[in-house]
Structures are given as C-alpha cells and as structure tokens.
There are 2 protein chains.
Amino acid sequence: MSLFSEYKIKCTPQRERILNVLKAQTHPVTAGELYAHIDNVSLATLYRTLELFCEKGIAKKHTIPDDSEKYYEFSAEGHRHFAVCLICRKMIKIDGCPLKDVVPEDFLVTDHRLEFYGYCRDCRQKLADMNRSAADEALTADKS
Amino acid sequence: MSLFSEYKIKCTPQRERILNVLKAQTHPVTAGELYAHIDNVSLATLYRTLELFCEKGIAKKHTIPDDSEKYYEFSAEGHRHFAVCLICRKMIKIDGCPLKDVVPEDFLVTDHRLEFYGYCRDCRQKLADMNRSAADEALTADKS
DNA sequence: TTGCCTGCAAATAATTTGCAGGTGA
DNA sequence: TCACCTGCAAATTATTTGCAGGCAA
C-alpha cells in the first residue's frame with residue numbers, strides 16, 4: 001500500500017515526484033531547493049503539497065533563527081533534534097537524546113535552543129469555555 | 001552609563017522608546033506588537049533598531065515553527081528556553097536547565113524542540129582555507 | 001560639522017490564493 | 001462523473017532598502 005492510499009490522499013505525478021525528492025534528502029531542505037530538483041511542478045503546487053504532507057504527518061516543517069525560509073523533511077523517522085550549521089544552514093540529525101554525548105562529532109556548538117510546545121493554562125481554559133458554550137448552543141438548538 | 005554608550009551606539013529618542021518598551025515585555029514579542037506600543041517610530045526604524053540591538057547583543061531574536069514572524073526580547077538575562085503556546089504564541093520563559101522539572105506548571109507539553117547551533121566541520125575547514133588564502137594575499141601584496 | 005539616523009515609499013522574498021481548466025478514482 | 005488538482009498570475013505578509021533631509025556628538 002502506497003503512502004498516498006495509506007493517508008487517503010490522491011496520488012498524482014506531481015505529488016509522487018515531490019515525495020521522491022523529499023525522501024532522497026539527507027537533511028531538511030527549503031521549498032526553493034526542492035523546486036530546483038523537481039521538474040514540471042509549479043511552486044504553488046509544491047507549497048500546497050508540502051503543506052498537505054505536513055498536515056498528514058508525511059513531512060515535517062522546521063524554522064531556524066535568522067532565516068525566513070522554512071525547511072522540510074520527510075518524516076518517516078521520529079527525528080526532531082538537529083545540529084544547525086550557522087554558515088551553510090545544514091541541519092544535521094542528532095540520534096538519541098537526552099543532551100549528553102548527543103551532538104555530532106566534529107560539530108562546534110556555539111549556541112543551542114530548547115523549546116517545548118503545547119498549551120498554556122489560559123488557552124486550555126478558553127478552549128474549554130468555547131466547547132462548553134458550543135454544547136450549550138447545540139442543546140438550545142435541539143429544543144427549538 | 002547608559003546601555004547606548006556602553007555599546008557605543010548613538011542614543012536617539014526613537015531608540016530609547018524602543019528599548020524601554022522592549023524591556024517592559026514579559027515575553028518575546030513581534031515587531032508588529034512593538035510597533036503598536038510605540039509612538040512616533042516608523043516601522044523601518046523599528047526593524048533597523050531591532051537588528052542593531054540583536055547585533056550588539058542587547059536583544060535576542062527568535063523564530064518558532066509555523067510562524068513567519070520573528071519574536072524579539074530584551075536580552076539582559078541569559079534565558080533561551082521557552083514553553084511556546086500553540087494557540088496564543090506566548091513564549092513563557094523556562095528557568096533553569098536541564099530538562100527535568102523545567103516546564104512551567106500548568107503548561108501541557110505536546111511537542112518539543114532541541115537544536116544546537118554552531119559550525120560543521122566542512123564550514124570550519126572552508127573558513128580556515130579562506131583565512132589562509134587571505135593571509136597569502138596579504139603577504140603577496142606586501143612584497144609588491 | 002558630519003556621519004549616523006529617520007521617515008517615507010518603493011522593493012524584496014517567501015509564501016498564499018483565486019480562478020479556470022484538467023484529471024485520478 | 002466530480003471532487004480534488006494544477007498552473008498561472010496576482011495578492012499577501014513580513015521585512016528591507018534607497019533616498020533626501022535631520023540630528024546627536
């Protein structure tokens with residue numbers, strides 16, 4: 001079963017080409033870099049497809065400091081730790097975790113970043129409130 | 001001695017206002033948010049000043065996934081770890097490190113990111129080569 | 001004085017979107 | 001068939017830059 005049928009999305013020649021090139025990369029790449037390696041796919045389609053892949057979990061999107069471009073990688077594996085070269089922007093995968101003995105040999109670390117994503121209390125509260133009022137409305141609607 | 005003279009940059013009313021508002025923030029903010037809180041400073045000046053502050057180490061710039069805006073914070077303290085709410089984008093400072101018992105209470109973690117920045121071996125090598133040839137040129141120039 | 005600052009408006013650069021025609025399931 | 005895809009061109013968004021006048025040191 002192909003990735004496309006697995007994720008219940010339509011298979012087109014463009015998407016196949018994008019997926020193949022994405023899979024072939026050894027580290028995350030920009031949309032522009034992908035575009036240069038793929039023939040007969042418009043930039044608009046490329047962006048739309050990358051977005052779709054990210055939604056489905058087929059690809060992962062990264063941002064790095066001081067760089068307005070986004071980096072994409074095929075996300076079969078669960079990698080989410082990288083050593084990012086400040087010069088060539090290469091994102092080198094880091095195997096394993098946590099922290100110690102984890103940085104690739106021969107990589108000179110000058111800085112690092114550690115961020116957690118999730119939901120703060122305020123937003124969880126707001127979400128809960130919204131759900132409650134939605135439920136109320138549904139009930140009210142039922143009665144009428 | 002003011003921050004401006006300390007960093008050897010000119011003090012102007014615009015820069016003072018930007019610095020004050022930046023200092024007053026409890027978490028990193030976008031240029032747009034700052035702009036909304038500062039009168040009589042053009043967006044161009046704001047961006048130029050933020051860039052200058054970052055170069056001098058007075059401010060720090062952050063990027064977060066799925067967000068094309070940059071976030072700025074006054075960088076007196078050495079904070080560089082955050083919990084980022086996926087809804088309101090608030091960046092909550094994390095005190096201390098490493099990893100354990102480090103996430104703010106009441107923050108529901110769904111994902112995290114750990115990246116190291118620095119220089120890969122290839123780029124260090126290229127840099128060394130460039131420096132060497134620059135030195136060679138200097139020597140050659142000396143002789144002529 | 002004078003080189004650095006500033007505002008304005010126009011330019012970039014990456015990414016997104018509207019639309020009309022095409023195509024996979 | 002028909003909902004979903006695609007390419008094209010135009011729109012958006014955040015950010016940057018050229019330029020002419022202004023101001024801190």
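Chain letters run A, B, ... following the sequence lines, proteins first, then strands; residues in each count from 1. Side-chain atoms are counted along with the backbone in the values below, which use heavy atoms only and exclude waters and symmetry mates.
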Measure from [atom1] on [X] to [atom2] on [N] and round the result to the nearest Å.
X     : N      : atom1 : atom2 : value
B/K8  : D/dA25 : NZ    : P     : 14 Å
A/Y35 : C/dA13 : OH    : C1'   : 15 Å
B/I18 : C/dC5  : CD1   : C1'   : 11 Å
B/N40 : C/dC5  : CG    : P     : 19 Å
A/L50 : D/dC5  : CG    : P     : 14 Å
A/K56 : D/dC4  : NZ    : P     : 11 Å
A/H62 : C/dT15 : NE2   : P     : 14 Å
B/Y71 : D/dA14 : OH    : P     : 10 Å

Check: [Y] main-chain N/O paired with [X] side-chain donor or acceptor under 3.5 Å:
X     : Y     : result
B/T45 : B/V41 : no
B/S75 : B/I58 : yes
A/T30 : A/E33 : yes

Side chain to side chain contact (heavy atoms under 4.5 Å, CB included) between B/L19 and B/F53: does it pass, once the steps are laid out?
CA-CA 9 Å; B/L19 183 62; B/F53 285 0; 4.1 Å; yes
In terms of side-chain heavy atoms of [X], which of [options] is nearest?
X     : options               : result
A/E69 : C/dA14, D/dA3, D/dG7  : C/dA14
B/V41 : D/dC5, C/dG7, C/dT15  : C/dG7
A/E51 : C/dG7, C/dT16, D/dG7  : C/dT16
A/C11 : C/dA14, D/dG7, C/dA25 : C/dA25
A/L43 : C/dT15, D/dA14, D/dA3 : C/dT15

Reckon [X] has a side-chain N or O less than 4.0 Å from the OP1 or OP2 of [N]?
X     : N      : answer
A/T12 : D/dT6  : yes
B/R15 : D/dA24 : no
B/Q14 : D/dC23 : no

To the closest 0.5 Å, what do you measure between OG1 (B/T49) and OH (B/Y72)?
11.0 Å
Do B/L3 and B/F74 touch side chain to side chain, with heavy atoms closer than 4.5 Å?
yes
Any idea which heavy atoms bring B/S68 and A/K70 closest together, and the distance?
CB-NZ, 4.3 Å
Nearest-nucleotide comparison on DNA chain C, the residue closer to the 5′ end among A/G32 and B/T49
B/T49
When you match B/P13 and B/K70 each to their closest nucleotide on DNA chain D, which lands nearer the 5' end?
B/K70
Using five base pairs at each end to define the local axes, how bent is the helix from C/dT1-D/dA25 to C/dA25-D/dT1, to the nearest 10°?
40°
Hey, could you give me each pair passing side-chain hydrogen bond (donor to acceptor under 3.5 Å, both in side chains) that has a residue in residues 15-24 of chain A? Not counting sequence neighbours.
none
Salt-bridge contact A/E73-A/K61 (side-chain N to carboxylate O under 4.0 Å):
no
Could you go through nucleotides 17-22 of chain C and list every protein N or O atom that sits under 3.5 Å from one of its N or O atoms, giving the distance for each pair?
from: C/dG18; atom 1: O6; to: A/R48; atom 2: NH1; distance (Å): 3.4

